[in-house]
Number of protein chains: 2
Amino acid sequence: MVDLNQNSEKHTVRAVERALDILLCFTEASELGLAQITKKVSLHKSTVFRLLQTLEQKGFIIKNSETEKYRLGYRILELSNHLSGINDPAILFLPEMQRLRNEVDETISLYVRDGLDRIRIQAIESEQPIRRVAPIGARMPLYVGAASKVLVTFENPIERSSIMDKLEAQQMIDRVSFEEMINEIRSNGFATSFEERELGAASIAVPIFNKSKKLIAAISISGPVNRLTHEKMNNNIKELLEVASQLSNLIH
Amino acid sequence: MVDLNQNSEKHTVRAVERALDILLCFTEASELGLAQITKKVSLHKSTVFRLLQTLEQKGFIIKNSETEKYRLGYRILELSNHLSGINDPAILFLPEMQRLRNEVDETISLYVRDGLDRIRIQAIESEQPIRRVAPIGARMPLYVGAASKVLVTFENPIERSSIMDKLEAQQMIDRVSFEEMINEIRSNGFATSFEERELGAASIAVPIFNKSKKLIAAISISGPVNRLTHEKMNNNIKELLEVASQLSNLIH
DNA sequence: AACAACGTTTCATTAGGTGGAACGGAGAAA
DNA sequence: TTTCTCCGTTCCACCTAATGAAACGTTGTT
């Protein structure tokens, strides 16, 4: 069997890892039976059962008494309400994102990096009938899409090379061409993507730093390729860069 | 030491329980250091440290690299987006709740029971400057407030007596007077509260059942006592009961 | 300089998590 | 009807792996 675990240098608690994996099963399906979960996490039936009971007792999972299947519990809701700290970009940036959306009428998304993923922590969708939809909380890989490239490019050098090491190890990128691309993005100050992750979708993304020049997030404008043409993008880039520099002043 | 664990008949996994307790610390404060968490959960430093590393590796917790403290991670956000199943009252009931709020201009809340708590899974606040604020996801005890009483009263008999057993064991209620109260609520079909949980706050609550007459949720109108007088409430009750019976038809 | 507080690492001990096995029930197939 | 099969749940002996004491490195305070 292949070792899918990331280099397990750190000492972690296996039982907890397994329990969290079970929770994450529910990002794919909203209701699951014991057998289904067992298959997904490939653990023993009784192990999964015991972990489920623990999660249930703490309210992180509910057993639907009608279908006899498991669902996420309301403790998740409770916790998600406490995500937004006083210095949370997802809250602070909202008004400015709203303003920008109104101006360009395309979907505006805010991303942060989390390990080898990026996460959409805030979004305001375009009001046009054909638009980029943008579920908040969505997790995407860090090697495709404009925002991903920004989140790698403008990370500090040590972190950046560590990220690229891992992506290379997982054979997700070719190091040489990836670094070339990154250099171009750094000199431009923004990244674009045309139908890179999603057919028919295009986007521009720029970095947002905090006051001490540390990369915090990436903000993007995205929409259908036929509307977000190269020319239109060129107009938007200046606007987007201005917004980003204003947002940078909001955060410490 | 007193045994604070609920009658531990069920076999659960200690390490996971502890990890979840750590997560729940963040409902009280948004950023915590290791020492603070250690104190809150009263476990050994290194135990908490290891559990935190596990939570961090899975993205449920982030270490803020500036403050060196821990915060909730974006995996919580991701999971919370999958809470809403197709049959989720919090989504289905929203339009009708909105309509009711517009009509009475007081805060409308939707609660479900979770163990010995009730949880506000949906809310639309009044637009008046003085109003009942209603954070979604908030968790309250099951023995005070109109919605709590409804959620106990209209539960099926076996479940209801099990709830009361536990509340009694924790010395939260006096069984005799509680049952008296419940009987009255059952014959009325609704419950009220005046400054019971919160000074200056009043509310009316009624049950919502599914098509097979099983209790699903409680819906309430709440506001300041001086606005939500007994007379005003009497007007609202009929309205609220009608809404509840309509909502009952939406859910299986 | 001495001290205190905190985060992190190491390691021997044994608590407790694990998975095999077996049970009971509900459907489906024969 | 009986016989399978699949699923959730309970039980238990084994031995992994979680635990907490102790020690260390840092940072900030007296």
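Convention: sequence-line order gives letters A, B, ...; per-chain numbering from 1.
- With hydrogens and angles ignored, a donor-acceptor pair closer than 3.5 Å exists between the side chain of A:Arg50 and the base of C:dG19.
- Using a 4.0 Å cut-off between charged nitrogen and carboxylate oxygen, A:Lys40 and A:Asp21 do not count as a salt-bridge pair.
- Atom CD1 of A:Ile37 and atom C1' of D:dT9 are 14 Å apart (whole Å).
- Atom CD in A:Gln36 sits about 9 Å away from atom P in D:dC7, given to the nearest Å.
- Classification of B:Asp114 and A:Arg75 as a salt-bridged pair fails, no side-chain N sitting under 4.0 Å from a carboxylate O.
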Check against side-chain hydrogen bond (donor to acceptor under 3.5 Å, both in side chains), A:Thr54 and B:Glu17: CA-CA 6 Å; A:Thr54 313; B:Glu17 278 181 28; 5.4 Å; no

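- A:Leu43 is linked by a side-chain contact (heavy atoms from CB on, under 4.5 Å) to A:Arg18, A:Val41, A:Val48, counting only residues two or more places apart in sequence or in another chain.
- Distance from the side chain of B:Leu51 is smallest to D:dT19 among C:dG17, D:dT19, D:dG8.
- Comparing B:Thr47 and A:Arg18, the nucleotide of DNA chain D nearest to each residue sits closer to the 5' end for A:Arg18.
- What separates CD of A:Glu56 from C1' of D:dT9 is a distance of 13 Å, to the nearest Å.
- Between the NE2 atom of A:His11 and the C1' atom of D:dA18 there is a distance of 11 Å, rounded to whole Å.
- To the nearest angstrom, P of D:dC7 lies 10 Å from NZ of A:Lys69.
- Nearest to the side-chain atoms of B:Ser46 among the listed nucleotides D:dT10, C:dG7, D:dA21 stands D:dA21.
- Proximity note for A:Ala15 (side chain, C-beta onward) versus C:dG7, C:dG19, C:dT18: the nearest is C:dT18.
- The side chain of B:Arg14 lies closest to C:dG16 when the candidates are D:dC7, C:dG16, C:dT18.
- Atom CD in A:Glu17 sits about 15 Å away from atom P in C:dG17, given to the nearest Å.
- Distance CG (B:Leu34) to P (D:dT27): 17 Å, rounded to an integer number of Å.
- Checking C:dC6, D:dG20, D:dG8 against every side-chain atom of B:Ala35, the shortest atom distance belongs to C:dC6.
- Judged by atom type and distance alone, A:Lys45 does not reach the base of C:dG19 through any side-chain donor-acceptor pair under 3.5 Å.
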* To do: Test B:Glu155 against B:Lys214 for salt bridge (Lys or Arg N to Asp or Glu O under 4.0 Å), laying out the working first.
  => CA-CA 8 Å; B:Glu155 191 56 86; B:Lys214 180 174 168 286; 6.0 Å; no

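- In summary, the side chains of B:Ser162 and B:Asp165 do not present any donor paired with an acceptor at a separation below 3.5 Å, with no hydrogens or angles considered.
- Taking every side-chain heavy atom of B:Phe49 into account, C:dT8 is the closest of C:dA15, C:dT8, D:dC11.
- For the helix from C:dA4-D:dT27 to C:dA30-D:dT1, the end axes, each set by the C1' atoms of five terminal pairs, are bent relative to each other by 40° (nearest 10°).
- Residue A:Tyr70 contributes atom OH, which lies 14 Å from atom P of D:dC7 at whole-angstrom precision.
- In this structure, A:Arg186 does not pair ionically with A:Glu179, as no charged nitrogen and carboxylate oxygen lie closer than 4.0 Å.
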